[in-house]
Every structure is written in C-alpha cells, then in structure tokens.
Amino acid sequence: MPAPALYLHLPGTAKDALDFYQGVFGGETEVHTFAQFERTDGPAAAVAHGVLRGPVDLYLSDTGEQDQPFRVEGLMVALLGHAEPTTLRTWFATLAEGGEVVDDLQRRPWGASDGQVRDRFGVLWLIGYQHGSDPSAQAATAED
C-alpha cells in the first residue's frame, strides 16, 4: 500500500510548484489541464491535476472557482530519514531558495540532525536524519 501523499491546491501556481519540486526531489511529472478534464471553473490552461512521482510523491492543482487555496498552520511535512543525509541536506537548502529557514538544519542534543524550512509555496518541511547513517557525513559533522 502506498504512503499518504500531499495534495496542494494552489492559486494559479501549480505548474511552477511542480517544476520547483521536481528540481528539488527529482522524479517525473504528469500534468492535466482544466481543458483536458473538461472543467470550466477556471482557466483552460490551469492545472486540474498534477503529479510528481519520485523519492517524494506530491499532487498539485490550481484552484477552481469553488476551491480554497492551500493555507495551513500547525502542520509540517516530515522527511525524517527519508533519504541519505547528503540528499536531505541538499533538499533542505533547495527548499529554502525563495522560502524561509525556520530552524537551521543542525545537530541536536539527542544526536540526530534536523531543521525546518518553509518553501516558497508555504509548505513547512521538517528534514532530519540520524547520524551514522551516511559515511560521508563524518566529514560534514561541523555543518550538521
């Protein structure tokens, strides 16, 4: 059974978000427009359903006339140990481009590293890993 995936309704920025997230996580995208879905509640070229399949799966669409755009408080998407530490550090830095580092990715007293970043689309990500899970991290412990 597949894991749950995030589905974001964005205010006309779904295609930009799909391109951005593909640049962060890799993977393949699939985009269907309002016109292709015969929807008349928004611009024909708007994204009715977009998918990113890869190390992180996401679903996105542009809001239609009756949809509310993504807005959230008190929720973060956790990518704890979701990939190798080097990859997670790269994802953190890339998600921060045009966004905001909420809490630096750093080593914690309990021995793991984690941090929080809100990306340019308003999604808050918690990214972290246990030390010792990546041999190349030994040389990078000062930045963790």
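- Sorted by first and then second residue, the salt bridge (Lys or Arg N to Asp or Glu O under 4.0 Å) pairs involving residues 9-26 (not counting sequence neighbours) are K15-D19.
- For the side-chain contact (heavy atoms from CB on, under 4.5 Å) test, residues two or more places apart in sequence or in another chain that qualify with P43 are A46.
- Under the salt bridge (Lys or Arg N to Asp or Glu O under 4.0 Å) criterion, the residue pairs touching residues 26-51 are E30-R53, R39-D41, R39-D67, with sequence neighbours excluded.
- Cluster partners of Y7, using a side-chain heavy-atom cutoff of under 4.5 Å among ILVMFWY residues and allowing indirect links, are V51, Y59.
- Remark: side-chain polar atoms of D103 are not paired, donor with acceptor, to backbone N or O of V117 under 3.5 angstrom.
- Every residue meeting the side-chain contact (heavy atoms from CB on, under 4.5 Å) condition with A35, not counting sequence neighbours, appears here in chain and number order: T33, A44.
- In this structure the side chain of F70 never reaches within 4.5 angstrom of the side chain of F121, judged on heavy atoms.
- Remark: W91 pairs with no residue by the side-chain hydrogen bond (donor to acceptor under 3.5 Å, both in side chains) rule, at least two apart or across chains.
- For the side-chain hydrogen bond (donor to acceptor under 3.5 Å, both in side chains) test, no residue two or more places apart in sequence or in another chain qualifies with H82.
- Every residue two or more places apart in sequence or in another chain that forms a side-chain contact (heavy atoms from CB on, under 4.5 Å) with T90 is listed here: T94.
- Sorted by first and then second residue, the salt bridge (Lys or Arg N to Asp or Glu O under 4.0 Å) pairs with a member in residues 4-13 form an empty list; sequence neighbours excluded.
- The side-chain hydrogen bond (donor to acceptor under 3.5 Å, both in side chains) test applied to D119 returns Y21, W125, not counting sequence neighbours.
- V102 belongs to a hydrophobic cluster whose other members, connected by ILVMFWY side-chain contacts under 4.5 Å either directly or through intermediates, are M76, L80, L124, L126.
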